[in-house]
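Worksheet: one structure, shown below.
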There are 2 protein chains.
Amino acid sequence: MQSKISRQIKIKKILKKNYISSQEELVQYLANDGIEVTQATLSRDFRELGVVRTSATEGSKYTLTIDESGKQIRKLIAFEILNYEHNEHMVVVRTLAGRAQGVAHYIDKLNSEFIIGTIAGDDTVLIIPNSIKNISNLIEVIHKIMNEDQN
Amino acid sequence: MQSKISRQIKIKKILKKNYISSQEELVQYLANDGIEVTQATLSRDFRELGVVRTSATEGSKYTLTIDESGKQIRKLIAFEILNYEHNEHMVVVRTLAGRAQGVAHYIDKLNSEFIIGTIAGDDTVLIIPNSIKNISNLIEVIHKIMNEDQN
DNA sequence: TATAATTATGCAAAAAAATGAATGAGACGA
DNA sequence: TCGTCTCATTCATTTTTTTGCATAATTATA
């Protein structure tokens, strides 16, 4: 029996390549790969991975959503952000090298009313508030992201 | 604050702002923030976070390395990569939306002899081999990254 | 080199996460 | 409405991870 993460990696691959329309079906696919799990576990995996049922031409199938709502993504972002600073006009977030684009993308997708845009370099994200009056609200948003750890 | 991840986030912040030259010292800082841990735990945290002792002007201090060797980064990359495909000339890796830059950065830093460069869009990384003869070696590298989960 | 200071690690306990079995909940067609 | 199918959830259990303590190993210092 492999680890959870390797099972989830496998799930991503299978969903990408095959037409899977029920969790039980995926149980079979995984079994063929020597991974034994029950439907209950897949239900949880799907939630964590952000898998959704989409209606295809023939019936419906499961697809990977590339959305940013998964719990793992949130943890990931928290890990990537090192710190932040701000002045009266904007907030600058420092990230691990090469991760700024990803962090900015996540922040964009939050659709926060306080943010009108982000710009990302290699390890720096610039966040522009909709008003300088909202800098503090904006900081609160960032702070929350950094301390993301509730399950 | 209780979880490991939030403690490590805090550690990153503290190291960034303060001059910490021993693990015991950090124990104190954390205690001031209401986080109680022992030196043993910090020793392990440092390894996981890639914290190193650097010699500063006055003595030595601990610094965050922004390197790509940490175990957490490897797991993260494996999570971000969805799949890959290739033709005779190159390999194309698909990632979660907005994560391609980060993945490409990681791949660059591998300094693989088989890779002469990467180009990243939003969710796609193009990897160019040093020779078309090495496509298979290159694929092996990618494959290994995707299945990164040994502890 | 000897001593002190600091960090890493083996081990056991505690805490947290993952999992399966059973079952509840919801959708859908007969 | 009833029965069927599928997914989500609860509960109990197993497995894994985290952690502190004690101490070994290492590093710095006199």
Side-chain angles (χ1 to χ4, degrees), chain A residues 1-11 14-15 19-31 33-56 58-65 69-72 74-76 79 148-151, chain B residues 1-11 14-15 18-31 33-65 70-72 74-76 79 149-151:
Chain A
M1 176 58 123
Q2 308 252 29
S3 70
K4 181 184 173 185
I5 185 133
S6 60
R7 180 185 67 243
Q8 293 188 341
I9 288 170
K10 187 72 94 178
I11 289 173
I14 293 175
L15 290 183
Y19 191 98
I20 304 289
S21 56
S22 83
Q23 297 180 356
E24 278 298 344
E25 208 178 329
L26 183 54
V27 168
Q28 290 308 312
Y29 273 83
L30 287 168
D33 278 337
I35 299 179
E36 308 219 337
V37 274
T38 61
Q39 170 271 324
T41 299
L42 294 187
S43 171
R44 293 162 184 135
D45 281 342
F46 278 13
R47 185 174 25 147
E48 290 180 18
L49 291 171
V51 171
V52 296
R53 204 196 243 293
T54 56
S55 55
E58 312 137 37
S60 60
K61 62 171 290 206
Y62 281 104
T63 329
L64 265 179
T65 58
S69 60
K71 155 185 151 189
Q72 299 194 26
R74 294 202 311 274
K75 281 195 174 182
L76 186 158
F79 176 74
E148 183 70 55
D149 59 83
Q150 58 275 27
N151 297 316
Chain B
M1 290 247 206
Q2 48 277 80
S3 76
K4 181 184 173 187
I5 186 131
S6 59
R7 181 185 65 244
Q8 292 188 342
I9 288 169
K10 186 70 95 178
I11 290 173
I14 293 174
L15 290 184
N18 307 87
Y19 190 99
I20 305 290
S21 55
S22 83
Q23 297 179 357
E24 278 299 344
E25 207 178 330
L26 183 55
V27 169
Q28 290 308 312
Y29 272 83
L30 287 168
D33 279 336
I35 300 177
E36 307 221 336
V37 274
T38 60
Q39 168 271 323
T41 298
L42 295 186
S43 170
R44 294 163 184 134
D45 282 343
F46 278 12
R47 189 184 32 197
E48 289 179 20
L49 291 171
V51 171
V52 296
R53 203 197 244 292
T54 55
S55 54
T57 38
E58 311 137 36
S60 59
K61 61 171 293 204
Y62 281 103
T63 329
L64 263 180
T65 58
K71 152 185 151 189
Q72 300 195 28
R74 293 202 311 274
K75 280 195 176 182
L76 187 159
F79 176 74
D149 60 83
Q150 58 275 23
N151 297 317

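Lettering follows sequence order; numbering is per chain, from 1.
T41(B) comes within contact range of the sugar-phosphate backbone alone, with a heavy-atom separation under 4.0 Å but no base atom that close. Counting any heavy atom pair closer than 4.0 Å across all strands shown, E36(B) reaches sugar-phosphate atoms only and no base atom.
One can place CZ of F46(B) at 13 Å from C1' of dA8(C), the figure rounded to the nearest angstrom. To the nearest angstrom, P of dA8(C) lies 11 Å from CG of D45(B). What separates CG of L42(B) from C1' of dG20(D) is a distance of 12 Å, to the nearest Å. The CZ atom of R47(A) sits 11 Å away from the P atom of dA18(C) (whole-angstrom rounding). We find that CD1 of I35(A) is positioned 12 Å from P of dG20(C), with the value rounded to whole Å. Here the C1' atom of nucleotide dT19(C) and the CD atom of Q23(A) are 15 Å apart, to the nearest Å. The CG atom of L26(B) sits 13 Å away from the C1' atom of dT7(C) (whole-angstrom rounding). Summarising the geometry, the separation between CD on Q8(B) and C1' on dT19(D) is reported as 13 Å, rounded to the nearest angstrom.
Comparing R44(B) and S21(B) along DNA chain C, the residue whose closest nucleotide (by nearest heavy atom) sits nearer the 5' end is S21(B).
L42(B) and Q23(B) get closest at one heavy-atom pair: CD1-O, 3.3 Å. When every heavy atom of I14(B) is checked against every heavy atom of L26(B), the shortest pair comes out as CG2-CD1, 3.7 Å.
Interface remark: the Q39(A) side chain does form a donor-acceptor pair with the dA8(D) base, using a distance-only criterion of under 3.5 Å.
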Candidate pair R44(B) and K4(B), rule side-chain contact (heavy atoms from CB on, under 4.5 Å), full reasoning = CA-CA 11 Å; R44(B) 294 163 184 134; K4(B) 181 184 173 187; over 6 Å; no
ask   = Going through the checks in order, is the side-chain contact (heavy atoms from CB on, under 4.5 Å) test met by F46(B) and I11(B)?
value = CA-CA 9 Å; F46(B) 278 12; I11(B) 290 173; 4.0 Å; yes
ask   = Which is it for R7(A) and K10(A) under the side-chain contact (heavy atoms from CB on, under 4.5 Å) test, yes or no, and what are the steps along the way?
value = CA-CA 5 Å; R7(A) 180 185 67 243; K10(A) 187 72 94 178; 5.5 Å; no
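The listed nucleotides are dC21(D), dT7(C), dT9(D); the one nearest the side chain of T38(B) is dC21(D). Comparing dT7(C), dT9(D), dC21(D) against the side chain of S43(B) picks out dT7(C) as the nearest. Listed candidates were dT19(D), dA8(C), dT9(D). Nearest to the side chain of R7(B) is dT19(D). Comparing atom distances between the V37(B) side chain and each of dA22(C), dG20(D), dT7(C) picks out dG20(D) as nearest.
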